[in-house]
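Values reported hereafter were calculated over all heavy atoms of this structure, with side chains retained and with hydrogens, waters and symmetry mates removed. Within every chain, numbering begins at 1; the chains are lettered A, B, ... in the order of the sequence lines, protein sequences first and strands thereafter.
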Protein chains: 2
Amino acid sequence: MSDQSIDTSAVPERAPAGAAYSPLYQQIKGLLLQSLDRGEWKPGEVIPSEFELAARFNVSQGTVRKAIDELAADNLLIRRQGKGTFVATHNEAKVRFRFLRLTPDDGQPSASSSQLIDCRRVKAPADVARLLDLASSESAVNVRRLLSFDAEPTILDDIWLPGAVFKGLTTESLTRYRGPLYAFFESEYGVSMVRAEEKIKAVAATAAQAELLQVAPESPLLQVERVSFTYGDRPMELRRGLYVTNRFHYRNSLN
Amino acid sequence: MSDQSIDTSAVPERAPAGAAYSPLYQQIKGLLLQSLDRGEWKPGEVIPSEFELAARFNVSQGTVRKAIDELAADNLLIRRQGKGTFVATHNEAKVRFRFLRLTPDDGQPSASSSQLIDCRRVKAPADVARLLDLASSESAVNVRRLLSFDAEPTILDDIWLPGAVFKGLTTESLTRYRGPLYAFFESEYGVSMVRAEEKIKAVAATAAQAELLQVAPESPLLQVERVSFTYGDRPMELRRGLYVTNRFHYRNSLN
DNA sequence: GAGTGGTCTAGACCACACG
DNA sequence: GTGTGGTCTAGACCACTCC
């Protein structure tokens, strides 16, 4: 239990003159993030107990606790009293609506289905390359799909992924998978989406969009551009969605 | 410094058999919330130091600290190292954009101006009464205004307030005030907005709306319905906004 | 009962603001 | 220097889960 080989200079030095001061628990948080990033513990798995981690890093349990507290607040870890601390995953029911903010105006549940329109591999367009931090010559995967709720077409998604990371992604593998796309990315490509930024506008439907979504051309649609990030704030997905908001709305909480 | 008259049963009992268990720091948080609600400390003021509060409530400083931590995480309090803990206010620069999520597509700043269209006192319509928890016979204040950025009309707001709370509110007092509306509510009516829920849709501009916003009729607009809450989750404002999103977008972060 | 996270305490020391 | 919040520690005990 003692004499771990991790070390990294046992008791981290405090601000070596002129350097940026960083509290111990922040450093521990950084080390935990590294472990998560490199996949030492996979989504859904338990991480070592607080006392184990405290021994590994040569700090007190309370300091580890504070580091984990912050990671749990960011939804990267999930604490379960009596059981342990787990790596967050996009498979849990409570998290399913963390990224999808569109909800029915009345009542809650509705049967959803996804129809794949297209999946191709192309050189990344300039705007996509910029948002995903890709070199202009790199390849990208483009997925287009239509989501329906209660058999009503509601969301038209145009998704872009870095080709270098999502290697084996094909129409076939996508069609076979059941469940949230982000859970698919986790289990198949080890890519965990941790955070996202959205930019929302109101736009008029083009003829092609109107036909797919079964609304009148020029109908107002909610346009949602989302960039999702993995550990280390690396952009990993660009998703441009068009939402029909006749019977649905985008919900948001301001704190 | 000792022998405070607050008491409330010195050391709170732990779960008196079958009762819901509540940690000490949560109870302290509740007491602090009560003090905030009743205005013991006003927005912008310092609250007593952690040690003072610990003495008052007969708990350790660490326990008070955890209670304050949560209130600070909810943006009700603001900690300033070396100075003290302050009651949050809507006057600070960092908080100005906590509720207004509309930002220019490029660049940051822009001159904003507010034009008051209307301010009247009426019996609350059914839908407004329901959202603001008013009896159907109660009065409400309805404010309409047009916000412009760089002299371009951008936001058309339709605001509803409970008449019983906002007694002296008139066109005149509104016009006189400079700064955010929520700061005005704080200083003039002691109403602090603490949290809000928004429902967003894309809609087509009516003729009247189009004229005010100087866009073509049937133009797509972002419709944002916001309900704001004070302490104790009491709804205190209903705001229906229409945003022109040609050069602006609604930004959101998903965690 | 053993192990895990959750609460509470007490005390020491650090970083920061202000007179 | 004094007072405030911020960090870190060590130890005790509670609540929950699983065997």
Enumerate the protein-to-nucleotides 2-4 of chain C contacts in which both atoms are nitrogen or oxygen and the separation is below 3.5 Å.
from	atom 1	to	atom 2	distance (Å)
C:dG3	N2	A:G82	O	3.1
C:dT4	O2	A:G82	N	3.3

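- The backbone N or O of A:P23 lies less than 3.5 Å from no partner atom in the side chain of A:Q26, so there is not a single donor-acceptor pair.
- Under the salt bridge (charged side-chain N to carboxylate O under 4.0 Å, His left out) criterion, A:R251 pairs with no residue, sequence neighbours left out.
- Rounded to whole Å, atom P of D:dG5 lies 9 Å from atom CZ of B:F86.
- Here D:dT9 is the nucleotide among C:dC8, D:dT9, C:dA15 with the atom lying nearest to any side-chain atom of A:L24.
- Only A:R65, listed by number, bring a heavy atom of residues 60-75 of chain A to less than 4.0 angstrom from any atom of DNA chain C.
- Between the CZ atom of B:R79 and the P atom of C:dA15 there is a distance of 18 Å, rounded to whole Å.
- Across the protein-nucleic acid pair, A:L77 atom CG and C:dG5 atom P stand 11 Å apart, rounded to whole Å.
- When the side chain to side chain contact (heavy atoms under 4.5 Å, CB included) test is applied to A:K66, the partners found at least two apart in sequence or on another chain are A:Y25.
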Using a 3.5 Å cut-off and no angle test, enumerate the donor-acceptor pairs between side-chain atoms of residues 68-77 of chain B and protein atoms at least two apart in sequence or in another chain.
from	atom 1	to	atom 2	distance (Å)
B:D69	OD1	B:R79	NH1	2.5
B:E70	OE1	B:K29	NZ	2.9

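- A search for side chain to side chain donor-acceptor pair (under 3.5 Å) contacts involving A:E172 returns A:R176, not counting sequence neighbours.
- Atom NZ in A:K29 sits about 12 Å away from atom P in D:dT7, given to the nearest Å.
- Contact of the A:V194 side chain with the A:F229 side chain is not registered, since no non-hydrogen atoms from C-beta on lie closer than 4.5 Å.
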Is there a side chain to side chain donor-acceptor pair (under 3.5 Å) between B:S228 and B:Y182 once you walk through the steps? CA-CA 10 Å; B:S228 300; B:Y182 288 158; 3.1 Å; yes
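- Atom pair B:F57:CZ and C:dT9:P shows a separation of 13 Å (rounding to whole Å applied).
- Using a 3.5 Å distance cut-off with no hydrogens or angles, the side chains of B:T89 and B:E186 do pair a donor with an acceptor.
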